[in-house]
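In the text below, chain A, chain B and the rest are named by the order of the sequence lines, each starting its count at 1. Remember, it's a predicted structure, so these values are computed and weren't measured experimentally.
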2 protein chains.
Amino acid sequence: MPSITNHVRRLRFDANEMSQKALADAVGVTRQTIIAIEKNKYSPSLEVAFKIAQVFGCSIEEVFFYQ
Amino acid sequence: MPSITNHVRRLRFDANEMSQKALADAVGVTRQTIIAIEKNKYSPSLEVAFKIAQVFGCSIEEVFFYQ
DNA sequence: ATTATATGTAAATTATTTTTTACATCAAGT
DNA sequence: ACTTGATGTAAAAAATAATTTACATATAAT
């Protein structure tokens with residue numbers, strides 16, 4: 001139960017309905033990792049957070065929200 | 001060997017010579033975690049990254065650098 | 001001289017993140 | 001009817017992050 005929320009799913013749909021697998025491939029992780037992040041099962045490592053933000057062309061703070 | 005560098009040590013000295021322990025306490029981790037991050041032994045979790053940035057009053061991107 | 005604070009290093013353990021594998025349902029297209 | 005792609009769920013294993021503990025050196029202050 002992480003204290004960090006995120007807009008990954010929203011951003012994924014905004015990004016031309018990008019699929020979980022497409023995002024996973026773009027980021028370089030497995031689909032399970034994307035699912036876990038979207039479902040807030042845990043929050044990602046800083047490296048994965050950077051990569052996700054990069055794929056969506058925004059800053060970490062625009063994707064992930066602390067508190 | 002993380003592909004992320006950081007300015008934690010620099011920011012710590014800029015912040016009135018804040019000690020490793022003072023930063024660790026402010027962030028809510030142990031001194032070993034701060035040491036590991038400063039020495040680039042590994043990069044922190046997203047949560048710890050957010051807290052460190054918060055302590056220094058800046059964004060994650062001003063503390064941590066991807067690539 | 002001794003106390004206190006800051007830093008350095010190291011190693012074992014615990015906790016968390018990520019991968020791997022597997023199978024399920026649903027909808028769209030052929 | 002069948003195939004394909006997208007999503008959902010689950011659980012074990014592997015990888016990485018973080019804690020705990022311990023001891024070392026150095027410097028500054030009393």
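- Side-chain contact between B/F56 and B/L23 is present, with heavy atoms from C-beta onward closer than 4.5 Å.
- DNA chain D lies under 4.0 Å from at least one heavy atom of each of the following residues of residues 10-24 of chain A: A/R12, A/S19, A/Q20.
- Applying the salt bridge (charged side-chain N to carboxylate O under 4.0 Å, His left out) rule to pairs touching residues 23-35 of chain B yields B/K21-B/D25, sequence neighbours excluded.
- In this structure a side-chain-to-backbone donor-acceptor pair under 3.5 Å is present from B/N6 to B/V8.
- Atom NZ in B/K39 sits roughly 9 Å away from atom C1' in C/dT7 (whole-Å rounding).
- Rounded to whole angstrom, the span from the CD1 atom of B/I34 across to the P atom of C/dA6 amounts to 14 Å.
- Screening residues 14-38 of chain B for ring pair (Phe, Tyr, Trp, His ring centres under 6.0 Å) gives no qualifying pairs among residues at least two apart or on separate chains.
- In this structure the side chain of A/S45 never reaches within 4.5 angstrom of the side chain of A/F50, judged on heavy atoms.
- Taking atom CZ of A/F50 as the reference point, atom C1' of C/dT17 lies 18 Å away to the nearest angstrom.
- Note on the helix from C/dA1-D/dT30 to C/dT30-D/dA1: angle between the axes of the first and last five pairs equals 20°, rounded to 10 degrees.
- Between the CG atom of B/D25 and the P atom of C/dT5 there is a distance of 12 Å, rounded to whole Å.
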Give me the distances for all protein-to-nucleotides 18-23 of chain C N/O pairs that come in under 3.5 Å?
from: C/dT18; atom 1: OP1; to: A/S45; atom 2: N; distance (Å): 2.9
from: C/dT18; atom 1: OP1; to: A/S45; atom 2: OG; distance (Å): 2.8
from: C/dT19; atom 1: OP2; to: A/T30; atom 2: N; distance (Å): 3.0
from: C/dT19; atom 1: OP2; to: A/T30; atom 2: OG1; distance (Å): 3.3
from: C/dT19; atom 1: OP2; to: A/T33; atom 2: OG1; distance (Å): 2.5

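- Here the P atom of nucleotide D/dG8 and the CD atom of A/E38 are 7 Å apart, to the nearest Å.
- Among pairs with a residue in residues 57-67 of chain A, those fulfilling side chain to side chain donor-acceptor pair (under 3.5 Å) read A/S59-A/E62, at least two apart in sequence or across chains.
- Screening residues 4-15 of chain B for salt bridge (charged side-chain N to carboxylate O under 4.0 Å, His left out), with sequence neighbours left out, gives B/R9-B/E38, B/R12-B/E38.
- Across B/I4 and B/N40, no two heavy atoms sit closer than the pair O-OD1, 2.8 Å.
- Listed by residue number, there are no residues of residues 60-67 of chain A with a heavy-atom contact under 4.0 Å to DNA chain D.
- If you check the side chains of B/S3 and A/E47, you find a donor sitting under 3.5 Å from an acceptor.
- A/I35 and A/M18 fall into different hydrophobic clusters, where Ile, Leu, Val, Met, Phe, Trp and Tyr residues are linked whenever their side-chain heavy atoms come under 4.5 Å apart, directly or through other members.
- Atom CD in A/E47 sits about 16 Å away from atom P in D/dA15, given to the nearest Å.
- The side-chain hydrogen bond (donor to acceptor under 3.5 Å, both in side chains) check on B/T33 picks up B/T30, with sequence neighbours excluded.
- Under the side-chain contact (heavy atoms from CB on, under 4.5 Å) rule, A/V29 has a single partner from A/V48, A/I52, A/I37, which is A/V48.
- Identified under the ring pair (Phe, Tyr, Trp, His ring centres under 6.0 Å) test for residues 7-38 of chain A, with sequence neighbours left out: A/H7-A/F65.
- Straight-line distance from the CG atom of A/N6 to the P atom of C/dT17: 13 Å, rounded to whole Å.
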